[in-house]
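Presented below is the structure to which this report refers.
By convention here, the first residue in the shown sequence is residue 1. Fair warning: this is a prediction, and the values are worked out from it, not measured in the lab.
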Amino acid sequence: MEGEYIPREHWGSRTAFIMAAGGSAIGLGNIWKFPYITGVYGGAAFVMWYLFSILMIGLPVMLIEYAIGRRTQRSPVGAFKALAPGTFYWLIGAMGVLAGFIILSYYSVIAGWTLAYIFKALFGGFAGFHSPEVARQAFEAYATHPIRPLLTHAVFMFLVILIVYQGVKKGIERWNSILMPLLAVIVIVLAVRGITLKGVEAHLSALNGLKFLFAPDFTKLTGNGMLVAMGHAFFTLSLGMGAMLTYGSYLSERENLIKSALWVIVMDTAFALLAGVAIFTTVFALGFQPGSGPGLIFNVLPAIFAVMPGGGIMGVLFFLLLSIAALTSAISLLEVVTAYFVEQRGWVRHRAAVVWGIAIFLLGVPPALSFGVLGNIKLLGMTLFDLFDYLSFKYMLPLGGLFMVLFTIIRWKPVSLLQELRKGGSALRISNGAALALLIVSALFVAITFIAGLFGKN
Ligand code: PFF
């Protein structure tokens, strides 16, 4: 490996790493996006396919990212330079840093909305929402406002910068260790409340929400839905852009990567399903529609909180849940960018976190305004917000993931991957040939996700 030795911070314990990686994975993708795409694409059958995609795509890419990160003790660009000096593979890492910029800029806009909604819920702002239509109008008035969404976007980015500024152990590790258990408590309270809700009319029941989520009807699963599930596997597990690679680079050789990856995947899936239970039991018990798309959270739920028993406090908890989940994910996005400037450009962490955090805030201004004053600006037929989401979700993450798997097959070699995975006490009994075969199958899945995505509608 080339490059001089750089003293590196390491996680204080395995739990700390799992909390941080889980914090990155569990985010708006689980609580905002997963329930609404499940609602749109037909419920349980979609969920089954999603679980299958997590295993076929998510697990191998996650293992590769952890292994490369830990092996090289570098963040994405430096990692590929170290493993393949003199080649262009470092561009995979560079695309990841760029994806970090783009994703965080619009992610923070939605996170800002959720912050605003904590306060709206707290001060009784949902009280007048007699129907989702009234809630929708209020949400639109907020999201299209020329200044308010910028303020909440700024507050959110300020929090993200503050944590990354404090470093890996004192910032990222400490805050994840506090926030993740809190998050688990909140989601469980909300799910239990949802399950125990009585239907407001005789034919309505929370149970129907559980059926919607867990009893599959495969005739409802469309090709497009399958693609969305596969793309979502990347987003929800923070894969394809080197976030997990970067977190893996703060690991020591003592850790068992396979166990850690399984923990993170189980936690991420459990959160998505629990958020789904909380939301769909409530939606069904109160007679609302599950398939209302991205607005499910901001239009339908506030109207539900307005009428449901205990809705005031549940509303506050729900938006607190979303904000915290978004924060722990956003930290990992800024960390990818910060680590690049620290490692490859010799910046000090404090300066890198502040300067690039502000740059990302500025990049988020146009998409934040694209619901209102900049709504007429369209590129490739999309608003700026949709374009940022589309570029990262549909192209950058799956392409990054595909390149990482191909890199492992062609250049780094499955044998090196296995060698890294066997450290930390893992008795991995698998031959090099079998590992190669599994990687090829996984590469095919990722390639299908990417190529079919080029032609699909979504
Ligand atoms: N995994 C996060 C979520 O589900 O909301 C989003 C995300 C975070 C994607 C970090 C990519 C990333 F690097």
Search all heavy atoms of [X] against all heavy atoms of [Y] and return the closest pair with its distance.
X: G209; Y: F284; result: CA-CD1, 3.4 Å
X: L245; Y: A79; result: CD2-CB, 3.9 Å
X: A21; Y: Y66; result: CB-OH, 3.5 Å
X: L83; Y: I68; result: CD1-CG2, 3.8 Å
X: L428; Y: R422; result: O-NE, 3.0 Å
X: I430; Y: A434; result: CG1-CB, 3.7 Å

Ring pair (Phe, Tyr, Trp, His ring centres under 6.0 Å), paired with H232, selected from Y36, Y41, Y50, W49
Y50
Only one of F407, W412, F80 clears ring pair (Phe, Tyr, Trp, His ring centres under 6.0 Å) with Y89; which?
F407
Per side chain to side chain contact (heavy atoms under 4.5 Å, CB included), I118 is matched among L317, L321, L320 by L320
Would you mind telling me which of L190, V192, I186 makes a side chain to side chain contact (heavy atoms under 4.5 Å, CB included) with I188?
V192
Within a strict 4.5 Å, meaning less than it, do heavy atoms of the [X] and [Y] side chains meet?
X: L197; Y: L286; result: yes
X: L239; Y: I57; result: no
X: K81; Y: T72; result: no
X: L55; Y: I265; result: no
X: L436; Y: I409; result: yes
X: V337; Y: L104; result: no
X: I297; Y: I279; result: yes

Go through the structure and list residues passing salt bridge (Lys or Arg N to Asp or Glu O under 4.0 Å) with E173, not counting sequence neighbours.
none
Please enumerate all residues that pass salt bridge (Lys or Arg N to Asp or Glu O under 4.0 Å) together with R174, with sequence neighbours excluded.
none
Pi-cation contact, F235 with K33 (under 6.0 Å, within 45°)
yes
[X] side, atom [atom1]; [Y] side, atom [atom2] - distance, nearest 0.5 Å:
X: F234; Y: M396; atom1: CZ; atom2: CE; value: 14.0 Å
X: I172; Y: T246; atom1: CD1; atom2: OG1; value: 9.5 Å
X: L257; Y: M62; atom1: CG; atom2: CE; value: 11.5 Å
X: F280; Y: N208; atom1: CZ; atom2: CG; value: 13.0 Å
X: M244; Y: S238; atom1: CE; atom2: OG; value: 4.5 Å
X: I178; Y: L183; atom1: CD1; atom2: CG; value: 13.5 Å

Checking the side chain of [X] only, and the main-chain atoms of [Y] only, is there a donor and an acceptor separated by less than 3.5 Å?
X: S442; Y: L438; value: no
X: S329; Y: S24; value: yes
X: T449; Y: L227; value: no
X: S108; Y: S105; value: no
X: T236; Y: A233; value: no
X: R8; Y: Q73; value: yes
X: N30; Y: G27; value: yes
X: T408; Y: M404; value: yes
X: E65; Y: G240; value: yes
X: R14; Y: E255; value: no

Assess whether side-chain hydrogen bond (donor to acceptor under 3.5 Å, both in side chains) is satisfied between T114 and S323, documenting all intermediate values.
CA-CA 6 Å; T114 67; S323 303; 3.0 Å; yes
Please list all pairs meeting salt bridge (Lys or Arg N to Asp or Glu O under 4.0 Å) that have one or both residues in residues 204-232, counting only residues at least two apart or in different chains.
none
Worked check of side-chain contact (heavy atoms from CB on, under 4.5 Å) between L273 and V47
CA-CA 9 Å; L273 293 176; V47 175; 3.9 Å; yes
Given the rule in the side-chain contact (heavy atoms from CB on, under 4.5 Å) test, do K423 and R70 qualify, once you have shown the distances and angles that lead to the verdict?
CA-CA 10 Å; K423 290 177 185 161; R70 186 176 66 183; 3.3 Å; yes
Using 30° and 60° as the class limits, which term best fits the ring planes of [X] and [Y]: parallel, tilted or perpendicular?
X: F46; Y: F34; answer: tilted
X: F371; Y: W113; answer: perpendicular
X: F298; Y: Y117; answer: perpendicular
X: F341; Y: W356; answer: parallel
X: Y247; Y: W11; answer: perpendicular

Greater than 12 external heavy atoms within 6.0 Å of F288's CZ
yes
If you count the non-hydrogen atoms of other residues, nucleotides and ligands that lie under 6.0 Å from CZ in F218, is the total more than 12?
yes
One pair to check against side-chain contact (heavy atoms from CB on, under 4.5 Å): V189 and M314. What are the steps and the verdict?
CA-CA 9 Å; V189 169; M314 291 298 142; 4.2 Å; yes
Electrostatic pair E343:R349 at N-O distance under 4.0 angstrom
no
Carboxylate-amine/guanidinium proximity below 4.0 Å for E9 and K169:
no
Kindly determine whether Y142 and T152 satisfy side-chain hydrogen bond (donor to acceptor under 3.5 Å, both in side chains), including the steps that lead there.
CA-CA 11 Å; Y142 173 75; T152 46; 2.7 Å; yes
Ring centroid separation for F101 and Y340, is it under 6.0 angstrom?
no
